[in-house]
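A short write-up of the structure that comes next.
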Amino acid sequence: MSRYARAFAEVLAPLVEAPAEELTPLIGAPPRPEMGQLAFPCFGLAKTRRTSPVAIATELVAQLAESTHNVAWIESVSAAGPYVNLHLCAAAVAAEVLPDVLAAGAAFGGSTHGGGRAVTVDYSSPNIAKSFGVHHLRSTVIGHALVGMLRAAGYRPVGINHLGDWGTQFGQLLAIWQDEGDEERLAKEGIDYLLELYVEFNRRKEEKPELQERARECFKSLEQGDAEARRLWALFRATSLREFERVYAMLGIEFDNTAGESFYEDKMPAVVEELESKGLLVESEGATVVDLEPYELGAALIRKADGSTLYLTRDLASAEWRHKTFDFARSLYVVGGAQALHFAQLKKVLELLGRDWHELVEHVPFGLMRFKDRKMSTRKGDIIRLEDVLLRAVKLARETIESGAEEKGRALPPDIDELAHRIGVGAVVFNDLKNRRQRDVVFDWNEVLSFEGETGPYLQYTAARIGSMIEKADAAPSAELHTELLVSEEELAVLLAVDGLPGCLLRALKACEPSIVADTLLDIAARFSTLYARRDADNRRDWQVLTDDPALSAARLGLASAVRTALVNGLGWLGVPVPDRM
RNA sequence: GCUCCCGUAGCUCAGUUGGAUAGAGCACCGGAUUUCUAAUCCGGCGGUCCCAGGUUCGAAUCCUGGCGGGAGCGCCA
């Protein structure tokens, strides 16, 4: 849409005596396609011209009819009340858009906008020693999508899994381990056992408050380098990581950096010293804090009363390290909205330290995942594992393939495992990405396991269908596209939707909002599906690629290929796998 | 108490920067397949855009005040 909104604005500019840049944002789409594809509202001109917007629209249409009668992409202009509506010429749009899309291929939609600048994306970041639950899905898939989108837009994304591998929780684990740690069980049961211990700790501390105290001491000895504590910590970490890797492999995620909080342990003193030397630290109730009360951000805790460090201390050190190491253009933290205050504090302290790059640090918050009927509590070990969700989706996808094959009397695809995997995982991932980040989501199996309507499998299916179309046509889109044969309103709608993808990526990136891409892909697929299923008056399929007219076939194949390219690329950015067929 | 997020069809959600008769999907009802994949398409049903004021030629959108839900506000992360 955008390239034609811009072009429309340029045509209007001399007539309304305003620069095209001011006009472009005013241009929208009429409510119904039969009214055209572009609309210019005349309300704003009414004041200066001292006539009604309706009269202005009529006049502009008359002038436009004269000045644009030989402009190829304009089919017609008409006045509708206070609006100037413009019909685009489908064939002319096709002649401009299709060659662009097909030439760009896998690069279509992307750009060099980022100029190779680094953007760190802190995402997923689960806590060691706890199962990887569905509630980690949000950060994981949003972050992964942002990484894909950044790469497509020409940035150098740095995916960082800031593992929760440090902190008081390890003190708790070590404390309970002293009572009943069992390395054999750990080797055999992995995280499940660690979770069990964690739950046990929380149960026991109710009756034995001194356990909490011991946990604090345990963490302190870990921080001070006690050999046995270190050994166990490394063991817990490695055990957990092994299980996380299974989930990441299923999702096709690889991080550039898995440093984790422990990595910054030796980098904290420098930050604390600098805070001290700049006079930012104050003692308060035994703890060491930065007073952010003047900024209405409360007190930022740097050191506990017992001298051990906190989350914020480590994030200061990590922000510093990331800036030094990657020289980022943006530094994104895909972390739940509940931690908004923490990141506001982080940015403010960086500012007070005189880091001029503090404004490049962005918290990318998202809504909480809640559970329908029950209250889930990790501390009680009540958790839905992400791995189980993915496996169940894959299983359902497989069953769907099987029953489909049976119904249609077809053989099972030889690569059914791979297909089921991509469809199942794709459904779960897309389901999470399609809604705006900030909304809270209620986990619902029915929704997660849905393959119909606005879902990942719908997009995959649309792409797969076109794939087999191309295969059957036994021809790549030819150099001769015969775009002059693409003349219908439905074809125009598809072309404009595809053409909007590059702009959509930049908008989505600016807002760190993958759902904008997801929405656009759904729009492209829906418009194409409408065209694909179009029927004539005799109820016969009206839009076929395989026809006895080679020119018509070439034109339609070109359009279909462009749609497939857009879908495959967009799904790729989002981290939704694309099956070859379905 | 203060702060942040959310509130649009029975359900889940879109809705550019303020623009025309507020749109999708699911569910429900009806229809479409001798022809490139029906995980699809077409039609119908369905609205106090949370409420009340205000700004504006024009408000789901901006402002103010409420209401409802979620979250945060010192030694967890």
In whole angstroms, how far is the [atom2] atom of [N] from the [atom1] atom of [X]?
X: A/L531; N: B/C36; atom1: CG; atom2: P; value: 16 Å
X: A/R439; N: B/G7; atom1: CZ; atom2: C1'; value: 8 Å
X: A/N435; N: B/U8; atom1: CG; atom2: C1'; value: 14 Å
X: A/L552; N: B/C36; atom1: CG; atom2: C1'; value: 13 Å
X: A/L45; N: B/G58; atom1: CG; atom2: P; value: 18 Å

Say we look at [N] and [M]: how far apart would their [atom1] atoms be, to the nearest angstrom?
N: B/A59; M: B/C49; atom1: C1'; answer: 11 Å
N: B/U12; M: B/C4; atom1: C1'; answer: 24 Å
N: B/U8; M: B/A60; atom1: P; answer: 15 Å
N: B/C13; M: B/C29; atom1: C1'; answer: 23 Å
N: B/G7; M: B/G15; atom1: P; answer: 10 Å
N: B/G74; M: B/U17; atom1: C1'; answer: 41 Å

Is it true that the side chains of [X] and [Y] contain a donor and an acceptor less than 3.5 Å apart?
X: A/S139; Y: A/S124; value: no
X: A/S515; Y: A/N435; value: no
X: A/S488; Y: A/E491; value: yes

Ignoring the backbone of [X], work out which of [options] is nearest its side chain.
X: A/P457; options: B/A39, B/U37, B/C36; value: B/A39
X: A/M469; options: B/U12, B/C36, B/A39; value: B/C36
X: A/T530; options: B/C36, B/U40, B/C42; value: B/C42
X: A/R541; options: B/C42, B/C36, B/U37; value: B/C36
X: A/Y461; options: B/C41, B/U40, B/C36; value: B/U40

How does protein contact run along nucleotides 21-26 of chain B, one letter per nucleotide 5' to 3', with B for base contact, S for sugar-phosphate only, - for none, heavy atoms under 4.0 Å?
B--BSS
Using a cut-off of 4.0 Å between protein heavy atoms and nucleotide atoms, how would you tag nucleotides 67-77 of chain B 5' to 3' with B, S and -?
---SSSSBBSB
Residues which pass side-chain hydrogen bond (donor to acceptor under 3.5 Å, both in side chains) with A/D432, listed by chain and number, not counting sequence neighbours
A/R138
Pairing residues for A/Y333 by the side-chain hydrogen bond (donor to acceptor under 3.5 Å, both in side chains) criterion, not counting sequence neighbours
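Partners of A/Y333 under the side-chain hydrogen bond (donor to acceptor under 3.5 Å, both in side chains) test: none.
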Taking only side-chain nitrogens and oxygens of [X], does any of them come within less than 4.0 Å of OP1 or OP2 of [N]?
X: A/S468; N: B/U37; value: yes
X: A/N431; N: B/C13; value: no
X: A/R436; N: B/C5; value: no

Extract the stems that RNA chain B is part of, considering only consecutive pairing runs of at least three Watson-Crick or G-U wobble pairs, both distances under 3.5 Å.
B:1-7 with B:67-73, B:10-13 with B:23-26, B:28-32 with B:40-44, B:50-54 with B:62-66
SB check [X] [Y] (cutoff 4.0 Å):
X: A/R541; Y: A/D536; answer: no
X: A/E210; Y: A/R214; answer: no
X: A/E490; Y: A/R534; answer: yes

Which is true for [X] with a 4.0 Å heavy-atom rule: it touches a base, it touches only sugar-phosphate, or it touches nothing?
X: A/D291; result: nothing
X: A/A300; result: nothing
X: A/A560; result: nothing
X: A/K434; result: nothing
X: A/I401; result: base
X: A/P41; result: nothing
X: A/P82; result: nothing
X: A/Y458; result: sugar-phosphate

Looking only at atom types and distance, does a side-chain atom of [X] sit under 3.5 Å from a main-chain N or O of [Y], one as donor and one as acceptor?
X: A/S450; Y: A/N446; answer: no
X: A/R437; Y: A/P365; answer: yes
X: A/T58; Y: A/V54; answer: yes

Residue list, side-chain contact (heavy atoms from CB on, under 4.5 Å) with A/A551, at least two apart or on another chain
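For A/A551, the residues satisfying side-chain contact (heavy atoms from CB on, under 4.5 Å) (neighbours in sequence not counted) are A/H482, A/L485, A/D549.
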Kindly write out the residues that satisfy side-chain contact (heavy atoms from CB on, under 4.5 Å) with A/A259, not counting sequence neighbours, or none if the list is empty.
A/N257, A/F263, A/Y264
5′-ward residue of the pair A/A525/A/A80 relative to RNA chain B:
A/A80
Closest-nucleotide 5' rank along RNA chain B - winner of A/F43 and A/R534
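The 5'-side residue here is A/F43.
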Interface polar pairs with nucleotides 59-63 of chain B, N/O, under 3.5 angstrom:
none

Is there a donor N/O on one and an acceptor N/O on the other, under 3.5 Å, for the side chain of A/Q544 and the base of B/U35?
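When only heavy-atom distances are counted, A/Q544 does reach the base of B/U35 through a donor-acceptor pair under 3.5 Å.
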Below 3.5 Å, can you tabulate the donor-acceptor pairs from side chains in residues 422-429 of chain A to any protein atom, sequence neighbours excluded?
{"residue": "A/R422", "atom": "NE", "partner": "A/E418", "partner atom": "OE2", "Å": "2.6"}
{"residue": "A/R422", "atom": "NH1", "partner": "A/V578", "partner atom": "O", "Å": "2.8"}
{"residue": "A/R422", "atom": "NH2", "partner": "A/E418", "partner atom": "OE2", "Å": "3.1"}

Step-by-step salt bridge (Lys or Arg N to Asp or Glu O under 4.0 Å) determination, A/E217 to A/K220
CA-CA 5 Å; A/E217 279 162 26; A/K220 207 170 173 186; over 6 Å; no
Please set out all donor-acceptor pairs under 3.5 angstrom arising from side-chain atoms of residues 303-311 of chain A, sequence neighbours excluded.
{"residue": "A/K304", "atom": "NZ", "partner": "A/T168", "partner atom": "OG1", "Å": "3.2"}
{"residue": "A/D306", "atom": "OD1", "partner": "A/S308", "partner atom": "N", "Å": "2.9"}
{"residue": "A/D306", "atom": "OD1", "partner": "A/S308", "partner atom": "OG", "Å": "2.7"}
{"residue": "A/T309", "atom": "OG1", "partner": "A/E223", "partner atom": "OE2", "Å": "3.0"}
{"residue": "A/T309", "atom": "OG1", "partner": "A/R314", "partner atom": "NH1", "Å": "3.0"}
{"residue": "A/Y311", "atom": "OH", "partner": "A/Q339", "partner atom": "OE1", "Å": "2.3"}

So that I know where these two stand, are A/F170 and A/F219 an aromatic pair - ring centroids less than 6.0 Å apart?
no
Strand contacts (RNA chain B) in residues 514-522 of chain A, 4.0 angstrom heavy-atom criterion
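Listed by number, they are A/D519.
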Indicate every side-chain donor-acceptor pair of residues 291-299 of chain A with a distance under 3.5 Å to a residue at least two apart or in another chain.
{"residue": "A/D291", "atom": "OD1", "partner": "A/E293", "partner atom": "N", "Å": "3.0"}

Tell me whether A/R370 forms a cation-pi arrangement with A/F443, defined as NZ or CZ under 6.0 Å from the six-membered ring centre and within 45 degrees of its axis.
no
